[in-house]
S.K.: 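Below is the structure I would like to discuss, written out as C-alpha cells.
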Amino acid sequence: MDAGVLAQYVFNGVMLGVIYAMVAVGFTLFFGVLDVIQFAHGDVVMAGAFVGLATYVALHVLGVAAPAVVVFAVACAAGLGMALVGAVIARWLILPLRAAPAFNTLLVTLMLGSILRELVRLFYPNGSNPQPFPRLLPSASVNLGHFTLRLDTTILIIAGLVMIVAVNLVVRRTRLGLAIRAVAQDSETARVMGIDFERVVLVTFAIGSALAGFAGVVYGLYYNEVNFDIGLLLGVIGFSAAVVGGLGSIYGAILGGFLFAALQTVGSVALPVSSAYNNVFAFAVVIVLMTWKPTGLIAERASERV
C-alpha cells in the first residue's frame with residue numbers, strides 16, 4: 001500500500017479515536033463514582049450535536065457571522081447544555097436509584113436514551129432526516145502525494161485532545177478531582193471526611209456529559225452531518241472502548257477509544273470486502289480481548305471496603 005494512503009488512514013483513525021475517547025471517558029467517570037452505566041450517554045452526545053446546530057441557526061438568524069465567535073458559542077452551548085442535562089440525570093434518575101438493583105439503572109437509562117432520540121426526531125425541524133452541520137472551520141489543506149492534511153481535522157484533533165487532557169487534569173490535580181477520586185474509592189469514608197457526596201456526583205455527571213456534548217460538536221464538524229440516531233452506535237462504541245480499556249480508568253478509556261478506532265482502520269484496510277464491515281471486525285476483536293482480559297487492558301485499582 002502507498003505510504004500516503006496509509007498515512008491518510010492513520011490520520012482519520014486518530015480523529016475517530018479522539019471522538020471515541022471523549023465518549024468513553026464519560027462512561028468511565030460515571031462508573032468510577034457510582035458504579036453505574038449511563039446507557040443514555042451516547043444519546044447525550046447526539047443531543048449535544050443538535051444543541052450546537054440549533055445554536056448556529058440562532059446565531060445565523062441574529063446576524064452573527066464571525067467564524068471564531070460562532071464556533072466558540074456552538075461548542076460552549078453544547079457543553080454547558082449537556083452539563084445541565086447530565087446533572088439533571090444524576091439528581092433525578094441516578095441518585096434515587098442508587099440503592100436499587102443495577103438492572104433498574106440500566107433499564108431507566110436505556111429508556112432515557114430512547115426518549116432523547118424521540119424528542120429530537122419529533123420536535124427538531126425535520127428531525128427524522130439527517131441534518132447538515134455547517135463547515136465552521138478553515139477548509140485549507142496540504143496535499144502530500146496521496147495524503148491530504150486537512151486543517152479543520154487537525155484543529156478538531158487538537159481541540160479534542162485538549163479537552164481530554166483538561167478533564168484528566170481536573171480529576172488528577174484539583175481539589176474537586178481529589179473529592180471525585182475519594183468518592184470513587186470509598187463513598188462512605190468520603191462522607192465521613194466531610195465530602196458532599198451528592199455534589200460530587202452531580203459535578204461528575206456534569207463534566208462527563210459536557211465532554212459528550214463537545215464530542216457531539218466535534219462529530220458534526222468532522223462529518224458535516226448529524227442524525228437523531230447517531231448516539232446508538234457512538235454509545236456502544238464508547239462503552240466498548242471504556243470496558244476494553246478498563247472501566248473506571250480514564251487512561252484505559254482513552255486507550256480503548258484509540259484502540260477501537262485503530263481496529264476500524266485496520267478493518268477498512270485489511271478486509272478483502274467492503275469497508276462497511278470494519279465495525280464488525282472491530283467488535284469481534286474487542287470480544288476476543290474482553291474474553292482474554294476481562295478486567296480491561298488497564299485494570300482499575302480496587303480496594304476492599306470494610
Side-chain angles (χ1 to χ4, degrees), residues 12 15-27 30 37-57 74-75 77-79 81-86 88-89 93 105-135 156 160 205 208-243 256-257 260-261 263-264 267-268 274-284 286:
N12 295 340
M15 181 68 252
L16 290 177
V18 168
I19 296 174
Y20 298 159
M22 285 191 286
V23 180
V25 166
F27 276 110
F30 306 151
I37 305 300
Q38 207 285 73
F39 264 115
H41 191 56
D43 295 293
V44 172
V45 177
M46 175 275 299
F50 274 89
V51 168
L53 182 57
T55 302
Y56 166 78
V57 173
V74 165
M82 292 309 101
L84 178 60
V85 169
V88 169
I89 291 173
L93 291 180
T105 304
L106 171 63
L107 179 60
V108 166
T109 54
L110 279 173
M111 291 188 293
L112 175 62
S114 297
I115 291 173
L116 289 175
R117 288 193 299 275
E118 288 303 302
L119 286 174
V120 171
R121 186 179 71 84
L122 294 174
F123 294 106
Y124 193 89
N126 200 27
S128 298
N129 298 320
Q131 302 293 312
F133 206 93
R135 297 180 182 271
L156 290 176
F205 272 74
S209 299
L211 190 60
F214 187 76
V217 171
V218 170
Y219 180 97
L221 290 172
Y222 179 61
Y223 287 105
N224 299 123
E225 183 181 276
V226 292
N227 200 353
F228 76 95
D229 62 354
I230 60 173
L232 286 170
L233 184 59
L234 284 175
V236 173
I237 290 176
F239 180 59
S240 301
V243 171
F260 200 97
L263 291 174
Q264 285 183 318
S268 297
S274 169
S275 61
Y277 291 91
N278 58 355
N279 284 334
V280 176
F281 173 77
F283 282 121
V286 166

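Since the structure is predicted, the reported quantities are computational estimates derived from the model, not experimental observations.
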S.K.: Got Phe27 and Ser240 here, is their nearest side-chain heavy-atom distance under 4.5 Å?
M.R.: no

S.K.: Sequence neighbours excluded, which residues qualify as side-chain contact (heavy atoms from CB on, under 4.5 Å) partners of Ala75?
M.R.: Phe214

S.K.: So Thr109 and His41, do their side chains get closer than 4.5 Å, heavy atoms only?
M.R.: no

S.K.: Does any part of the side chain of Ile37, heavy atoms only, come nearer than 4.5 Å to the side chain of Phe30, both counted from C-beta?
M.R.: no

S.K.: Does any part of the side chain of Tyr277, heavy atoms only, come nearer than 4.5 Å to the side chain of Phe281, both counted from C-beta?
M.R.: no

S.K.: Hey, what do you get for CZ (Phe205) to CG (Leu93), rounding to the nearest 0.5 Å?
M.R.: 9.5 Å

S.K.: Please enumerate all residues that pass side-chain contact (heavy atoms from CB on, under 4.5 Å) together with Leu119, with sequence neighbours excluded.
M.R.: Ile115, Phe123

S.K.: Of all residues at least two apart in sequence or in a different chain, which pass the side-chain hydrogen bond (donor to acceptor under 3.5 Å, both in side chains) check with Tyr20?
M.R.: Gln264

S.K.: May I have the list of side-chain donor-acceptor pairs in residues 228-235 shorter than 3.5 Å, sequence neighbours left out?
M.R.:
unit_1 : atom_1 : unit_2 : atom_2 : d
Asp229 : OD1    : Asn227 : ND2    : 3.3

S.K.: Residues two or more places apart in sequence or in another chain: which of them pass salt bridge (Lys or Arg N to Asp or Glu O under 4.0 Å) with Glu118?
M.R.: Arg121

S.K.: Determine whether Phe39 and Val108 make a side-chain contact, defined as any pair of heavy atoms from C-beta on separated by less than 4.5 Å.
M.R.: no

S.K.: May I ask you to test the Leu84-Ser209 pair for a side-chain heavy-atom distance under 4.5 Å?
M.R.: no

S.K.: Return each pair, listed once, that meets salt bridge (Lys or Arg N to Asp or Glu O under 4.0 Å) where at least one residue sits in residues 40-50; pairs must be two or more places apart or across chains.
M.R.: Asp43-Arg117

